[in-house]
Amino acid sequence: MSQPFDASRSLTSLEQDSTIIAVIEMSQAKWLVAAVVPGVERQPLKGLDADEAALLKLQQRWRN
């Protein structure tokens, strides 16, 4: 018998030294992106126009 899905339990460990965690608040016109970036003490917060390419560019910059 299978177990019910439990979102509070992760099946993989989180490698904090190499994982970017991003939270995106989205509306029709604007997006607000916050992140926890390994090696950066402050937590970046960036406002963007609703644009997928700009979001991906921002995440790539954080990754580099």
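Start at 1 with the first residue, then count along the sequence.
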Cluster partners of Trp62, using ILVMFWY side-chain heavy atoms under 4.5 angstrom, listed by chain and number?
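Cluster partners of Trp62: Ile20, Ile24, Met26, Trp31, Val33, Val37, Val40, Leu48, Leu55, Leu58.
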Name all residues meeting the side-chain contact (heavy atoms from CB on, under 4.5 Å) criterion together with [X]; count only those two or more places apart in sequence or in a different chain, and write none if there are none.
{"X": "Val36", "answer": "Ile21, Gln43"}
{"X": "Lys30", "answer": "Ser27, Asp49"}
{"X": "Gln60", "answer": "Arg63, Asn64"}
{"X": "Glu52", "answer": "Leu56"}

Tell me, please, which residues at least two apart from Glu15 pass side-chain hydrogen bond (donor to acceptor under 3.5 Å, both in side chains).
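Result, side-chain hydrogen bond (donor to acceptor under 3.5 Å, both in side chains) vs Glu15: Ser18.
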With salt bridge (Lys or Arg N to Asp or Glu O under 4.0 Å) as the rule and sequence neighbours excluded, what pairs involving residues 32-47 come up?
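Passing the test, one end in residues 32-47: no pairs.
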